[in-house]
Each structure stands twice: as structure tokens, then as C-alpha cells.
Amino acid sequence: RRTSGRRGSLGDPCTGGVEQSFMYNSTDSTLRYKGNSDLCMDAGASINCTVAPYNSYPYCNYTLDADTRATDLVSRLQLVEKIQNMQNSNPGVPRLGVPQFKFSECLHGVLSGCGAAVNGSTGCPTSFPHALGLAATFNHTLWSLAGETVSTEARALHNQDVTGIAFWAPDVNLFKDPRWGRGQEVPGEDPFLTAEYVAHYSSGLQQMNEARYLKVVSTCKHFSAYDLENWNGTSRMEFNAIVTDQDLIEYYFVPFRSCVERAHVQSIMCSYNAVNGIPSCANSLYQNTIARGEWGFDGFFVSDCEIGRAV
């Protein structure tokens, strides 16, 4: 492709009359000059970990452990980039070749459009019965197989750039009041049953047969004491759940402890509501002392969307 540059009016960045010659490089999807470095245009390189100098940075080195790569990447981020990526509509970091962090739902199947006409994918993800129905089978093997099937389809859709590989599932809140309105999402009201369900479903999702890699990320939500959307003039953004320590330990925390100790989930979503006056997403006691310190959680906490309004 050839283009000529002449000094022109405002908005024309070309400063010379020397004809430039460009060629398309299919290796990194860029336009590169031939024979003249005095370019009058930005070719708009597609930056990723295959392109120099990024392919020499530790965060692009897949042979290193995740902590080393993450530490290196964070050290290169500007403050504005950190802020931009602390939201559900994050842009990624184009400057460093880091794509948008995509997330999706898979409570009973990958939440995705269906077929080529919708999103260009080659097929439709399976929709299993919702968690309340699956849990009612009391079948550990079924729960594991459902999780494995969902994550296999998630990987296939991810390979076609339809979804990410982080999923906000399962919902392990306890369905003790039908006025909540989201009871079909959860296994039920019983903490033991819910703990068993997540131990098998989330293990099936993440399927850590190889210690180095996750199949997908399973996120247990919503931590903690969450079962109100908008009732009698009180919204989930403002609700303050007053819960005794005994109820927290013997009831509300039981499924989340199973998430960590048995399923080894790599993500926990904190809830919109406060518990005993402290917003869940700002509760160091729950996140650091209990989840990390007592249960051994080594993943990441993620907020629900637009959590700033709640905190």
C-alpha cells in the first residue's frame, strides 16, 4: 500500500513530500514502512505478547509463575490505568497489550448468544436446569459432570472470542426467604447441601487436573448474608444485614468455606449489602482474617457491578 504526504492544512500530520511505502505484516497485524523511517502516520500496531518489546517482559513469559507475572505487570501500570480497570467495563491496558478482562455467567450453562447469527460462534451452549433443580437431585456426580461440561463449552466459546474465562458462578447464598426472588439461582436453604453442591460444581468448572492451569475461574457469590434485592423501599445497595456471629459461622459462612477449602475457587464476589454496619466489599475481617487467614483463600476478590454506589 502506498501513500504520499504533503504539508497540508490543520489535521494533516504529514510534513514532507517524500512518498512512503508500507507493507502489511501478517505476523503482528501491523503496517510497517519500507526504506524510509520518516513516517508521517502512525500505523496503529496491534500490541500483544508476541510483539517486541512486550515479548521480552516478564508478564508475557508464560514459563514464569502467576505471582511473578502479575507483579511485573502491575509495576508497569500507570495510576489512571489501574483506576480504569477497577470496574466491570474495564478497557484492559492497550499500551501494554493487555486485553479487556471479560467475564460472564454460568450458573447453569454459559450465558452467551447462540450461533453464528448472534455472535459468530459455531454453536449454542447447553442450558442445564437451574441450581435449585440440579441440587434437588442430590447427585454429586451429576453436579461435577455439569460443571465440567459447562467449562468445556466455555473454553470453546473463549477460543472464538465470545466469552472470557472468568465466570461469576455459582451463587451460593442461602434461600431462606422466598421473597428474595432469586431462589432458582441457588441450591437451596440448607448450608450443608449448598456446601456439597459448590464443592462438586466449582471443582468441575475449574477442573484443576494440571496444577499449573485453570480450565476457567469459578467465582462464589455473594459474600455475605445476601438475599435481598429491593423490598419494601430498601434496596440491596443500602441494606444492612444484622447477623449474630453464631449465625454467620454456622449458617452463612458454611458454603463459602466449602468454596475455598474444598473447591479451591479462585474468585469470591463480595455482596452489595453491609453486614453489621460494614460494607461487604470493605470488610477486612471477612476477606482477610477469615477467608484468607482461616480458610486459606489464595484467589482474588471481585466486587459486584457498580459497587461504588453501595460502599
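Bear in mind the structure is a predicted one, so any value in this text is a computation, not a measurement. By convention here, the first residue in the shown sequence is residue 1.
In plain terms, the two heavy atoms of L193 and A135 that are nearest each other are CD1-O, 4.1 Å. Considering all non-hydrogen atoms of both residues, L107 and Y197 come closest at O-OH, 4.3 Å. Pairing each heavy atom of N273 with each of S224, the nearest pair is ND2-O, 3.2 Å. Of all heavy-atom pairs between Y62 and R69, the closest is CA-NH1, 3.4 Å. Taking each heavy atom of V265 and C220 in turn, the nearest pair found is CG1-SG, 3.8 Å. Nearest heavy atom pair, residue A199 against residue S203, reads O-OG, 2.5 Å.
Counting only distance, with no hydrogens or angles, the side chain of E196 and the backbone of N139 share no donor-acceptor pair below 3.5 Å. For the pair W143 (side chain) and L134 (backbone), a donor-acceptor distance under 3.5 Å is present. Side-chain atoms of N240 come within 3.5 Å of backbone N or O of N276 as a donor-acceptor pair. With hydrogens and angles disregarded, a donor-acceptor distance shorter than 3.5 Å links the side chain of S104 to the backbone of L111. Judged purely by atom type and a 3.5 angstrom limit, D72 uses its side chain to pair as donor or acceptor with the backbone of Y59. Although no hydrogens or angles enter the test, the distance criterion places a donor-acceptor pair under 3.5 Å between the side chain of S151 and the main chain of E148. Side-chain atoms of E153 never come within 3.5 Å of backbone atoms of V110 as a donor-acceptor pair (strictly under, hydrogens ignored). Proximity of a side-chain donor or acceptor of Q266 to a complementary backbone N or O of V217 within less than 3.5 Å is not detected. No side-chain donor-acceptor contact under 3.5 Å links Y251 to the backbone of L174. Formation of a donor-acceptor pair under 3.5 Å by the K102 side chain with backbone atoms of H158 is not found in this model.
Side-chain heavy atoms closer than 4.5 Å link hydrophobic residues (I, L, V, M, F, W, Y) into clusters, and following such links, possibly through other members, connects M269 to F101. Two different hydrophobic clusters hold V172 and F128 under the rule that ILVMFWY side chains link at heavy-atom gaps under 4.5 Å. Note: the hydrophobic cluster containing L77 also contains Y54 (ILVMFWY, side chain heavy atoms under 4.5 Å, direct or indirect links). Criterion: ILVMFWY side-chain heavy atoms under 4.5 Å apart, direct or through other members. Under it, F301 and V198 are part of a common hydrophobic cluster. F256 and V302 end up in different hydrophobic clusters when Ile, Leu, Val, Met, Phe, Trp and Tyr side chains are linked at under 4.5 Å.
A donor and an acceptor atom, one from each side chain of K215 and T152, are located under 3.5 Å apart. Side chain to side chain, Q87 and S89 meet the donor-acceptor criterion of an N or O pair below 3.5 Å. Remark: the N61 side chain and the T63 side chain contain an N/O donor-acceptor pair separated by less than 3.5 Å.
The structure places CG of N159 at 9.5 Å from CD1 of I165, a figure rounded to the nearest 0.5 Å. A distance of 12.0 Å separates CD in Q84 from CD in Q100, rounded to the nearest 0.5 Å. For the atom pair D247 CG and E250 CD, the distance stands at 7.5 Å (nearest 0.5 Å). Once rounded to the nearest 0.5 Å, the distance linking OG of S271 with CG of D227 reads 10.0 Å. Note that CD of Q287 and SG of C281 are 6.5 Å apart. Values are rounded to the nearest 0.5 Å. For the atom pair CG of N88 and OG of S303, the computed distance is 7.5 Å after rounding to the nearest 0.5 Å.
Side-chain contact check for S267 versus Q206: every heavy-atom pair is 4.5 Å or farther apart. Within the 4.5 Å cutoff, side-chain heavy atoms of W295 are placed close to those of F253. When side chains are defined from C-beta on, V93 counts as touching N85, because their heavy atoms get closer than 4.5 Å. With a 4.5 Å cut-off on side-chain heavy atoms, Y226 and Y272 count as touching. Annotation: side chain of P170 is in contact with side chain of S218 (closest heavy-atom distance under 4.5 Å). At a threshold of 4.5 Å between non-hydrogen side-chain atoms, the residues W180 and V186 count as touching. Contact check for D304 versus W168: no side-chain heavy atoms found under the 4.5 Å cut-off. Proximity of I268 to V260: side-chain heavy atoms (C-beta onward) are separated by under 4.5 Å at one or more points.
Annotation: F192, atom CZ; neighbour count of heavy atoms from other residues, nucleotides and ligands within 6.0 Å does not exceed 12.
By the 30° and 60° cut-offs, the orientation of the rings of F223 relative to Y286 is tilted.
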Evaluation steps, side chain to side chain contact (heavy atoms under 4.5 Å, CB included), between L285 and I290: CA-CA 6 Å; L285 172 64; I290 296 175; 4.2 Å; yes
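Screening K221, E185, H222, R182 for a side chain to side chain donor-acceptor pair (under 3.5 Å) involving N173 leaves a single residue, H222.
Salt bridge K176/E189: absent, no basic N to carboxylate O contact under 4.0 Å.
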